[in-house]
*Asks:* 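One structure coming up, written as structure tokens, with questions to follow.
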Amino acid sequence: MSEAYMIKSSLDDWPTHYAVPGSSNYSIPRVICPDCGEHASAAFRYPGLDVSKLEEKIVRRLRFYNPFEPHGKMKKGPAEITPDEMRDLSELLAPIMGPGRPFGPFTRLGPAAGLAEGLFDDFCWPGVPPPLFLRQSVFDAMLEAGFPVSGVAPDARYRRPRRDPLIEPETPPTAHVHPSVRIAPCATCGFVTGTPLGGRLDPESWDDGIPFQCVFENPR
């Protein structure tokens with residue numbers, strides 16, 4: 001396995017240096033399990049998912065966020081669903097998500113949306129990743145260098161024209177924590193309460209062919 005690196009934000013710089021979109025238009029609601037409680041963490045993100053393929057019967061079961069609407073009209077759709085409703089939604093979403101895109105409560109679907117302003121670094125984020133953004137020139141340079149990165153332009157409104165706009169890369173949850181620190185999932189809903197302690201990864205799970213990837217058990 002090649003050496004893995006983690007990109008960290010500078011909390012001293014990001015609040016004043018730039019502002020970038022922090023949420024996608026669509027997300028899966030949180031799940032309330034009668035046995036283990038609530039599951040509503042910042043989970044997987046799939047900016048490259050074509051949300052135009054979402055049928056109305058799926059859309060009405062999702063949370064919808066429109067940052068360009070006046071305050072108070074930003075979100076609609078169910079705030080929470082039951083494990084049974086989650087299983088029904090999973091059956092509808094599975095053919096659209098395709099292989100290699102696991103999902104659960106609060107999974108973000110489609111590109112990030114919102115206002116963007118300031119001086120963008122090569123890599124930037126809205127405070128606590130994900131999501132991760134690259135400047136277009138950096139993304140293009142990685143492609144030219146042979147890195148198999150994939151990404152899409154966010155649904156962003158820039159306060160001034162940009163010659164070097166942002167790209168949101170896809171960061172699949174292909175890596176896993178080591179089996180010794182994994183937490184057993186709930187027998188009722190199938191989700192895990194809490195996050196693994198420590199940052200020990202399973203070396204067999206790291207995919208050298210994917211430049212950006214997150215950890216399945218802790219996709220933050």
Side-chain angles (χ1 to χ4, degrees), residues 1-11 14 22-24 27-49 80-81 83 86-87 89-91 93-94 96-109 112 121-134 138-139 142 145-151 168-220:
M1 183 186 83
S2 62
E3 188 171 0
Y5 296 89
M6 178 180 293
I7 301 174
K8 294 185 178 180
S9 63
S10 171
L11 296 182
W14 77 262
S23 183
S24 304
S27 68
I28 295 176
R30 65 178 177 265
V31 171
I32 304 297
C33 177
D35 289 335
C36 67
E38 176 182 310
H39 297 276
S41 62
F44 313 125
R45 303 183 69 96
Y46 301 114
L49 184 72
E80 59 190 47
I81 55 178
M86 180 65 205
R87 280 186 279 270
L89 178 58
S90 296
E91 292 181 2
L93 279 174
I96 300 171
M97 301 292 283
R101 279 177 169 164
F103 54 91
F106 267 32
T107 296
R108 268 64 168 182
L109 310 176
D121 293 327
D122 289 350
F123 300 90
C124 52
W125 36 74
V128 179
L132 168 70
F133 297 95
L134 290 73
V138 176
F139 182 80
M142 293 187 69
F147 291 96
V149 292
S150 62
E168 183 181 4
E170 188 106 355
T171 55
T174 48
H176 289 267
V177 298
H178 195 273
S180 63
V181 296
R182 291 179 192 170
I183 302 173
C186 171
T188 299
C189 67
F191 298 114
V192 172
T193 299
T195 56
L197 298 177
R200 187 183 180 190
L201 293 180
D202 181 356
E204 299 300 322
S205 70
W206 186 262
D207 190 335
D208 292 334
I210 303 177
F212 298 117
Q213 53 194 298
C214 61
V215 180
F216 178 88
E217 291 81 6
N218 189 9
R220 290 177 182 269

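Worth knowing before you read on, the calculation uses all heavy atoms, side chains too, and leaves out hydrogens, waters and symmetry mates.
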*Asks:* Please tell me if the side chains of Pro29 and Glu80 come closer than 4.5 Å, counting only heavy atoms from C-beta onward.
*Replies:*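 No, too far: nothing below the 4.5 Å cut-off.
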*Asks:* Tyr46 side chain to Pro172 main-chain N or O, any donor-acceptor pair under 3.5 Å?
*Replies:*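 No; judged by distance alone, with no hydrogens or angles, the pair does not exist.
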*Asks:* For a quick test of reading the model, state the closest non-hydrogen atom pair linking Trp125 to Pro131 and the distance between them.
*Replies:*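 Nearest heavy atoms, Trp125 then Pro131: CB-O, 3.1 Å.
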*Asks:* Keeping Ser205 on the side-chain end and His176 on the backbone end, is there a donor-acceptor pair under 3.5 Å?
*Replies:*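 Yes.
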*Asks:* For a quick test of reading the model, state the closest non-hydrogen atom pair linking Arg182 to Val177 and the distance between them.
*Replies:*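 That closest heavy-atom pairing would be NE-O, 2.9 Å.
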*Asks:* Measure the shortest side-chain to side-chain distance between Val149 and Pro169 over non-hydrogen atoms and say whether it is less than 4.5 angstrom.
*Replies:*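 The answer is no; the side chains never approach within 4.5 Å.
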*Asks:* Measure the CD1-CZ distance between Ile28 and Phe106 for me, rounded to the nearest 0.5 Å.
*Replies:*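 Here the interatomic distance stands at 10.5 Å.
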*Asks:* Side-chain donor-acceptor contacts of residues 184-192 below 3.5 Å, not counting sequence neighbours, with atom names and distances?
*Replies:*
{"residue": "Thr188", "atom": "OG1", "partner": "Asp35", "partner atom": "OD2", "Å": "2.2"}

*Asks:* Identify the two heavy atoms, one from Pro126 and one from Phe133, that lie closest to each other, and give their separation to 0.1 Å.
*Replies:*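 In terms of heavy atoms, the two residues are closest at CD-CE1, 4.2 Å.
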*Asks:* State, yes or no, whether a side-chain contact exists between Leu109 and Ser24 at a heavy-atom distance under 4.5 Å.
*Replies:*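 They are not in side-chain contact.
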*Asks:* Of all the heavy-atom pairs spanning Glu217 and Ala175, show the shortest one and how long it is.
*Replies:*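 Where Glu217 meets Ala175 most closely, the heavy atoms are OE1-O, 4.2 Å.
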*Asks:* For Ala112, is there any backbone N or O sitting under 3.5 Å from a side-chain donor or acceptor partner on Glu168?
*Replies:*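 Yes, because the side chain of Glu168 sits within donor-acceptor range (under 3.5 Å) of the backbone of Ala112.
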*Asks:* If you round to the nearest 0.5 Å, how far is CD1 of Ile210 from OG1 of Thr174?
*Replies:*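 The distance works out to 4.0 Å.
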*Asks:* If you round to the nearest 0.5 Å, how far is CZ of Phe103 from CG of Leu49?
*Replies:*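 Between Leu49 CG and Phe103 CZ, I get 10.0 Å after rounding to 0.5 Å.
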*Asks:* Which residue is it: Gln213, Arg45, Arg101? I am looking for the one with a side chain to side chain donor-acceptor pair (under 3.5 Å) to Glu170.
*Replies:*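 It is Arg101; the other options fail the test.
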*Asks:* Please lay out, stage by stage, how Phe44 and Met97 fare under the test side-chain contact (heavy atoms from CB on, under 4.5 Å).
*Replies:* CA-CA 12 Å; Phe44 313 125; Met97 301 292 283; over 6 Å; no
*Asks:* Quick check: closest heavy atoms across Phe216 and Pro173, and the distance to 0.1 Å?
*Replies:*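 So the two residues come closest at CB-O, 3.7 Å.
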*Asks:* Of all the heavy-atom pairs spanning Cys33 and Pro83, show the shortest one and how long it is.
*Replies:*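 Closest approach of Cys33 to Pro83, heavy atoms only: CA-CG, 4.0 Å.
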